[in-house]
Amino acid sequence: QSVFQSARLEPLRERLWNSIHASCPNAIRNGDPARSLANTLNVSFPGADGESLLMGLDLEGVCVSSGSACMVGSIQPSHVLLAMGVEPSTALATVRFSMGHGTSEADIDRAAAAVHNAQLFESLERNFRNSVEVFIAALEEKDRYTRGHSERVAEFAESTARALSLPDDACDLIYQSGRLHDIGKLGIPEQILLKPGGFTPDEWAVMKTHTIIGERLCSGLKSFRQT
C-alpha cells in the first residue's frame with residue numbers, strides 16, 4: 001500500500017514543484033528529490049515574508065506549514081534548514097506542502113495557482129508595510145506630539161491582542177492599525193493641529209474629522225479590508 005501511494009504521489013510532488021518553479025524561478029527546493037518523502041515538498045522563497053505567504057495561501061484555501069513537521073505552530077525558522085546551512089531569513093520564508101491519499105492533479109494545479117496568487121499577496125503586503133512607514137514618517141514630521149505616541153499605542157494594542165490569544169495575523173494587523181490611528185491628522189490644517197492651548201468649538205469640530213480622514217486614507221490599503 002505504501003509503495004503504491006509513493007509511486008502515485010511522487011509525480012504529483014514533481015508536478016507541483018515544476019509549476020512553482022515556473023512561476024517563481026528564484027524559489028529553492030530544499031532536500032534531495034531522490035531521498036525526499038514522496039508526499040512532501042519543502043520550498044523556500046528568498047526575499048519573501050513567510051507569514052504573508054502563509055496568509056496568502058490560506059486565503060486561497062490551501063493549507064500549508066512553515067518550519068519542519070515537528071515544529072508546527074512555531075514562528076522560529078526550522079532547525080533542520082538551519083542545520084543544512086539555509087540563511088535564517090530564507091528559512092523563515094519557507095513553506096512545506098504535504099500530500100495525501102485524496103490528493104489529485106486538480107488539487108496540485110490549484111495549489112500551484114494559489115502559490116502564484118500568494119506571491120502577489122505577499123508583494124502587496126510588502127507595499128502596504130512600506131506605505132505605513134511613509135504615512136508614519138509624514139505624520140511625525142508634521143506633528144511633534146504624535147512622535148512616539150502612535151508606536152506606544154500600537155505596542156499596547158498588540159500586547160492586549162496577544163493577551164486575548166488572538167491569531168498572529170490579527171495581532172499584526174492591530175499593531176499596524178495602532179500605528180496609523182492618528183494618520184488622519186495629516187488632513188488637519190497646521191494652524192489648528194499645532195495650535196497652543198485649547199480649541200474653539202469650530203476648531204474642535206475640524207479636529208474631530210481626523211478619524212474620518214484617516215479612514216479615507218487607509219481604505220485603499222487592502223490589508224485593512226478584513227471582516
Side-chain angles (χ1 to χ4, degrees), residues 1-126 128-129 162 165-173 223 226:
Q1 182 77 13
S2 61
V3 173
F4 171 77
Q5 279 285 41
S6 294
R8 188 185 76 84
L9 291 174
E10 188 172 334
L12 294 178
R13 182 194 68 191
E14 296 307 304
R15 183 187 185 99
L16 178 58
W17 164 244
N18 290 334
S19 296
I20 291 175
H21 195 245
S23 66
C24 185
N26 70 329
I28 299 172
R29 181 176 186 169
N30 297 304
D32 183 352
R35 300 183 180 182
S36 299
L37 292 174
N39 72 324
T40 305
L41 178 65
N42 190 287
V43 182
S44 296
F45 298 87
D49 179 79
E51 287 188 25
S52 295
L53 276 175
L54 290 176
M55 191 186 305
L57 287 167
D58 182 64
L59 290 173
E60 292 288 327
V62 176
C63 297
V64 296
S65 178
S66 61
S68 57
C70 55
M71 293 182 65
V72 173
S74 172
I75 59 173
Q76 300 299 316
S78 164
H79 65 284
V80 176
L81 292 178
L82 296 180
M84 292 168 58
V86 177
E87 291 291 327
S89 59
T90 300
L92 283 171
T94 297
V95 176
R96 178 169 52 85
F97 300 86
S98 297
M99 290 152 276
H101 179 76
T103 304
S104 65
E105 286 189 358
D107 294 327
I108 294 298
D109 293 342
R110 185 162 57 250
V115 169
H116 176 71
N117 292 338
Q119 291 177 76
L120 296 177
F121 176 85
E122 190 275 335
S123 177
L124 288 173
E125 281 292 297
R126 200 178 326 123
F128 156 68
R129 294 175 191 278
R162 295 198 181 282
S165 300
L166 296 184
D168 285 343
D169 56 342
C171 291
D172 182 65
L173 187 62
S223 294
Q226 295 201 2

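For the side-chain contact (heavy atoms from CB on, under 4.5 Å) with V95, the lone residue among V64, V115, I20, V62 that qualifies is V64.
With a 4.5 Å cut-off on side-chain heavy atoms, L81 and M84 count as touching. At least one side-chain heavy atom of R162 sits under 4.5 Å from a side-chain heavy atom of D168.
Under the ring-ring contact (aromatic ring centres under 6.0 Å, His included) criterion, the residue pairs touching residues 20-43 are W17-H21, with sequence neighbours excluded. For residues 77-88, the set of pairs meeting the salt bridge (Lys or Arg N to Asp or Glu O under 4.0 Å) definition, not counting sequence neighbours, is empty.
Note that CG of L9 and CZ of F4 are 9.0 Å apart. Values are rounded to the nearest 0.5 Å. Atom CE of M99 sits about 5.0 Å away from atom CD1 of I108, to the nearest 0.5 Å. Remark: L41 CG to L12 CG distance equals 11.5 Å, nearest 0.5 Å. With values rounded to the nearest 0.5 angstrom, L166 atom CG is found 11.0 Å from L173 atom CG. With rounding to the nearest 0.5 angstrom, the OG atom of S6 is 7.5 Å from the CG atom of N39. Between the CG atom in N42 and the OG atom in S98 there is a gap of 9.5 Å [rounded to 0.5 Å].
Scanning both residues, P88 and L82, for their nearest heavy atoms gives CA-CD2, 3.9 Å. Between A111 and L16, the shortest heavy-atom contact is CB-CD1, 4.2 Å. A pairwise comparison of heavy atoms in A7 and P11 identifies O-CD, 3.1 Å as the closest pair. For the pair L37 and R13, the tightest heavy-atom approach, listed with the atom from each and the gap, is O-NH1, 2.9 Å. Nearest heavy-atom pair, R96 versus T40, reported as atom, atom and distance to 0.1 Å: CG-CG2, 3.9 Å.
Legend: residues meeting side-chain contact (heavy atoms from CB on, under 4.5 Å) with I28, ordered by chain and number and at least two apart, are N30, S44, P46. Judged as a side-chain hydrogen bond (donor to acceptor under 3.5 Å, both in side chains), and not counting sequence neighbours, the contacts of S104 are D107. R8 is linked by a salt bridge (Lys or Arg N to Asp or Glu O under 4.0 Å) to nothing, counting only residues two or more places apart in sequence or in another chain. Applying the salt bridge (Lys or Arg N to Asp or Glu O under 4.0 Å) criterion to R29, with sequence neighbours excluded, gives E14.
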